[in-house]
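Take a look at the structure below.
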Protein chains: 4
Amino acid sequence: MQPRAARSARTFTEVTRRAQIVQCAADAMAETGYARASMAEIARRAGIAKSVISYHFEDKNELMQELISTAVRAFSEFMEPLLAAETSADGKIRAYLTGCAEYMIRYRNLHLAVLEIAFNALGPEGQPLVASMPFEAHTPTLEQILRQGQKSGELRRFDIAVMAGLLRSATTHTMVLALRADSDLDLAAYAVELATTFHLATTAHVAAGE
Amino acid sequence: MQPRAARSARTFTEVTRRAQIVQCAADAMAETGYARASMAEIARRAGIAKSVISYHFEDKNELMQELISTAVRAFSEFMEPLLAAETSADGKIRAYLTGCAEYMIRYRNLHLAVLEIAFNALGPEGQPLVASMPFEAHTPTLEQILRQGQKSGELRRFDIAVMAGLLRSATTHTMVLALRADSDLDLAAYAVELATTFHLATTAHVAAGE
Amino acid sequence: MQPRAARSARTFTEVTRRAQIVQCAADAMAETGYARASMAEIARRAGIAKSVISYHFEDKNELMQELISTAVRAFSEFMEPLLAAETSADGKIRAYLTGCAEYMIRYRNLHLAVLEIAFNALGPEGQPLVASMPFEAHTPTLEQILRQGQKSGELRRFDIAVMAGLLRSATTHTMVLALRADSDLDLAAYAVELATTFHLATTAHVAAGE
Amino acid sequence: MQPRAARSARTFTEVTRRAQIVQCAADAMAETGYARASMAEIARRAGIAKSVISYHFEDKNELMQELISTAVRAFSEFMEPLLAAETSADGKIRAYLTGCAEYMIRYRNLHLAVLEIAFNALGPEGQPLVASMPFEAHTPTLEQILRQGQKSGELRRFDIAVMAGLLRSATTHTMVLALRADSDLDLAAYAVELATTFHLATTAHVAAGE
DNA sequence: AATGAATGAGATTTCATTCAT
DNA sequence: AATGAATGAAATCTCATTCAT
C-alpha cells in the first residue's frame, strides 16, 4: 500500500470524492456546529461509509485543512477581480466590504464551517488549527491598500493595523453573526452602510475638516 | 430535581469552591479551547476530583452558565461607572471602547472562555447555550447612546444597528483575536485609535463636511 | 469511636431514626424502583444528610436487611393471630389468602420495597441479598398446615411443596403485580375467589368425586 | 437518528453478532442480576470491546428490547403448536403448564433475563421498560381457553381473570423462583402436579360434586 | 448526633481511527 | 475504491462511602 502523499497526482475520482466530502463537512459544520459534525455525520450526509473519508484523507485534521484551503481559494478568486477593478483606495475599500457580503452569501456554509474550525479545531499539540482565515489571507492586500491611500493623500493618517483589523472585524464578525443567526438582515444593505462609515472614517478631506 | 436555591443558601465553602472551579474552567478554556476543557482537565487544574465539580454543579451546563453569569456581572460592574462618568455621546463611545479594552485585559481568560462557550457549547437539544454575551448585554445601552447623540445633533445620521454592531465587533472580535493570539498588540493603544476612527465616523460636523 | 455493634443497646433517637430511614427507603423503592432509590434519594425524602444514613447503618446492605426484617416481623405479627383463630386446614388456607391481601394493603410500600430488594439487591459476592421473603418466612407453617390437613383426611393427597408454592405464588406474585400496577383490582375480592379455587383444589371430598 | 431498518437489511455478521450479544446479555443477567450486567460485563463475556455493542445497538435500551423480543418470539413459537395440538380446555391448560416448564428449561437464562429486565429496567423517563412479558403475550389466549371451556360446560364457573392470573403466576412466579434458586426441583414433575391441581380446581364435575 | 464536603470506582455513550475483505 | 466491523480512549455523570468538624 503506497502512502497517499507518495503518489504524484490524484485521479479524477479522488478529486471528486474529496470535493464532495469537503462540501458535506462544510454543510454539517454550518448546520450542526463543530462538535456535532463528526466523521459519522459527514459520512452520513455524503451517503458513504466513514472509512471512505479515512481513505481519502489522512485524518480529520487534513480534512479540515482542505476545507480551509478551499475557502481561502474561493475567497481569493472571488475577491481579486473586484479589487482589481477599482483604482482608488476608497473604491477598493468599498469593493472589499460589499465583496465580502456577496462572498458570504454565495459560500455561506463553507465560510461558516471555516469559522467553526477556526474557533474549535486544535492540532495534535493543542495549537489552533487555523492560522489564516479566508479574509485574513488578504490582510496584506488590505493593509497595502490603506498604505497606498495614505501615500497618495487620499486617506487620512491612521494606524494601518487598527483600521485593517476594524475592516476585517466588520466583515468576519458582524456579518458572520448575522449569517449564523440566519437573520433576515440584508447583508448587501449592511455592507453599503458600512462602506459609508469607513469612507467617513478614512478619507482625507474628512480629517481635514477636523 | 429541586433547584439549588430552593434548598438553602450557599455556604462559604461552596461559594469559594464554585468560584475556584469557574476560574479553573475559564483558564482551561482560554488556554486549551473548549473541546479540551473537559471536566477532568478542569478538575486537574483545580487539584480536585472530577466528582467535586459534580457535587457543586448540577452538570456541565450549569458550570458554563455560571461562568457566563460571572463574566456578564463583571463586565456590567466594570463598565457602568465608566459610561456614567461621561455626558456626551462621543465621550461615552470613547469610554466604551477603552473600557472594553481594559476589561479584556483584566478578565482575559474569563472573557475568552465566554467566547469559547458561545461558539461551541450546545444545550441538550442542540441549541446554542449562550444567548447574550457580556458585551451584548449592553447592546441596548449602546444603541441608546447613539440614538441620543443623533437626537441632540451631536452625531450624524447613520443606521444605528449597523454602527452599534460595528462598535461591538470592533471590541468583541478584533480585540479578542488579539487576546487569543497572545499578541503583544497594545490593547489600550488600539482602543485609542479605534476611538478616533469612530469619532470621525460618527460625529455630526464630519457629516456636514461631506 | 466504638464500633456500632459493640454497643449493647440502641438509644431512643437511634431507634427512631432507623425506623424513619427504613420507611423512607421503602417509600423510595416502592415509588421509584430499586435503581433510583439511591442513598441520596432516601436522604432527601427523610430530610436529612446522606451521611446520617451511613451513621446509623453500616452500609446500604444493612439498611436493606433491616427493611426486610421489618417487613418479615410485620407480616408475622399480622398473620399469626389470623392463622391461630382457625382450626381447620381449609379455614387456615382461607385465612392465609385473605390475610395476605389485607397485609399488602396495609403495608403496601414496605412490601413492594421487599420485592424490589429481592429482585435487585446483591450482596458483595453477588449472592442475592434476600433469602427469605416475608411470605416465605411462613412456608414451614404453610406446609405444616397442608400436611396436617392431609393427615386428618380433610385434604386430598397432593405434593405439599407444589401446593405451598402455588399458594405463595398466588399471593406474592399475582397480588403484587396488581399492587405494582396500582390497579383498581379489588384485592380482597380477589382473595375470596382464590380461596374458593384452593378449596376446590385441595379438599378431600373433591378428590373423592373424581 | 434514522431507524436502523430504514437504512438497509442486516448483514449476516450483524445478525450473528446481535444474537451473540443478546445471548451474553441474557447469561449475564441470569447469573449476576440486572445491576451487575453492565455493558462492560456483557462485552467481557462476549470477548469483544464495549463499543462493539454500541456499534450494533443504538443503546442499552435497544439491547434490552431485542432480548425481550427474542424471548417473546421463542415462547410463541414454542407454545403455539402445543396448544394447537389439544382440543379440550382441560388439555390446553395441561399443555400450557407443561409447555411453560419445558420452555423455561430450554430457555432458562433468556427467560430469567426477561424477568430481570421487567423488574429493573427503566426507560429514560423512569417508566418501566417492559409492558408485556413472554407469558403475558398469551394472556388473551389463556382467558379465551377458559371462557370456551366454561361455555362448553367443560369447566365450572369461576372468575376468569383470577384463574388466568393464577395460572400465569403458577408458571411465571413459582417456576421462576425455582429456576433462579438453581434448585434441583424437577420442573417437569412440578408441572404435572400443577396440572392435576388446576384440573381439580376448574373442571365442571368437580364443582358439581361440591 | 449530624453535616457538608470530598472521593474514586464504575456506568453509558461517542468518536476518530484501523483493518480485513 | 469502498465497506462493514471492530477498537480503545475519553467524556459526562451517578453513587455509596468516608472524613473532619
Side-chain angles (χ1 to χ4, degrees), chain A residues 1 11-14 16-17 35-43 46-61 63 124, chain B residues 7-8 10-14 16-17 35-43 46-61 63 124, chain C residues 1 11-14 16-17 35-43 46-61 63 124, chain D residues 7-8 10-14 16-17 35-43 46-61 63 124:
Chain A
M1 189 64 61
T11 67
F12 170 74
T13 308
E14 192 159 9
T16 310
R17 262 277 187 261
R36 303 208 171 187
S38 64
M39 295 296 244
E41 170 65 13
I42 295 169
I48 57 179
K50 275 203 304 282
S51 41
V52 177
I53 304 180
S54 297
Y55 180 77
H56 287 285
F57 294 91
E58 187 66 29
D59 56 13
K60 196 174 186 180
N61 270 4
L63 171 54
Chain B
R7 289 187 301 238
S8 64
R10 291 202 173 99
T11 64
F12 171 74
T13 308
E14 188 162 13
T16 310
R17 260 278 187 263
R36 300 206 174 187
S38 64
M39 298 295 241
E41 171 64 13
I42 296 169
I48 56 180
K50 279 201 302 282
S51 44
V52 177
I53 303 181
S54 295
Y55 178 74
H56 288 285
F57 294 91
E58 189 68 25
D59 54 15
K60 197 173 185 179
N61 269 8
L63 172 52
Chain C
M1 190 63 65
T11 67
F12 170 74
T13 308
E14 191 160 8
T16 310
R17 262 278 189 260
R36 303 208 171 187
S38 64
M39 295 297 244
E41 170 65 12
I42 295 169
I48 57 179
K50 274 203 304 281
S51 41
V52 177
I53 303 181
S54 296
Y55 180 76
H56 287 285
F57 294 91
E58 188 65 29
D59 55 13
K60 198 174 185 180
N61 270 3
L63 171 53
Chain D
R7 288 186 302 238
S8 64
R10 290 199 174 103
T11 65
F12 169 74
T13 309
E14 187 161 13
T16 310
R17 260 278 187 264
R36 301 205 174 188
S38 65
M39 296 297 242
E41 170 64 14
I42 295 169
I48 56 180
K50 278 200 302 282
S51 43
V52 176
I53 303 181
S54 295
Y55 178 75
H56 288 285
F57 294 92
E58 189 67 25
D59 55 14
K60 197 173 185 180
N61 269 6
L63 172 52

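Proteins come first, then strands; the chains are lettered A, B, ... in the order of their sequence lines, and each starts at number 1. Being a predicted model, the structure only gives us computed values, none of them experimental.
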For this session: To the nearest 0.5 angstrom, please state how far the CD atom of B/E14 sits from the OG1 atom of B/T11.
Result: 5.0 Å

Exercise. Is the phosphate of F/dG4, meaning OP1 or OP2, less than 4.0 Å from a side-chain N or O of D/H56?
Worked result: no

Seminar exercise, completed: Applying side chain to side chain contact (heavy atoms under 4.5 Å, CB included) to A/T16 and not counting sequence neighbours gives A/F12

Problem set entry | Rounded distance [0.5 Å steps], CD1 in A/I42 versus CE in A/M39 | 6.5 Å

For this session: Side chain of C/Y55 only, please: which of F/dA1, E/dG4, E/dA2 is the nearest?
Result: E/dA2

For this session: Let me know the distance between CZ of D/F57 and P of F/dA5, rounded to the nearest Å.
Result: 13 Å

Exercise. Roughly how far apart are D/R17 CZ and D/R10 CZ, rounded to 0.5 Å?
Worked result: 15.0 Å

Problem set entry | Stem regions touching DNA chain F, defined by at least 3 consecutive Watson-Crick or wobble G-U pairs below 3.5 angstrom | E:2-21 with F:2-21

For this session: Only counting residues at least two apart or in another chain, list the ones meeting side chain to side chain contact (heavy atoms under 4.5 Å, CB included) with B/S54.
Result: none

Problem set entry | Minimum-distance nucleotide (side-chain atoms of C/T11 versus E/dA1, F/dT7, F/dA1) | E/dA1

Exercise. Rounded to the Å, how far apart are C/I42 CD1 and F/dT17 C1'?
Worked result: 14 Å

Tabulated below should be each protein N or O lying under 3.5 Å from an N or O of nucleotides 12-16 of chain F; please produce it.
from	atom 1	to	atom 2	distance (Å)
F/dT12	OP1	B/K60	NZ	2.5
F/dT12	OP2	B/M39	N	2.9
F/dC13	OP2	B/K60	N	3.1
F/dA16	OP1	C/K60	NZ	2.6
F/dA16	OP2	C/M39	N	2.8

For this session: State which residues pass side chain to side chain contact (heavy atoms under 4.5 Å, CB included) with B/S38; sequence neighbours excluded, sorted by chain then number.
Result: B/A40, B/E41

Exercise. In whole Å, what is the span from the CD1 atom of D/I53 to the C1' atom of F/dT7?
Worked result: 13 Å

Problem set entry | CG-CZ distance between B/L63 and B/F57, expressed to the nearest 0.5 angstrom | 5.0 Å

Problem set entry | For B/A35, all residues meeting side chain to side chain contact (heavy atoms under 4.5 Å, CB included), sequence neighbours excluded | none

Exercise. Does F/dA2 have OP1 or OP2 sitting under 4.0 Å from an N or O in the side chain of A/R17?
Worked result: yes

Problem set entry | Nucleotide E/dG8, atom P - distance to CD1 of B/I48 in whole Å | 12 Å

Seminar exercise, completed: dist C/I48:CD1 -> C/I53:CD1 (nearest 0.5 Å) comes out at 5.0 Å

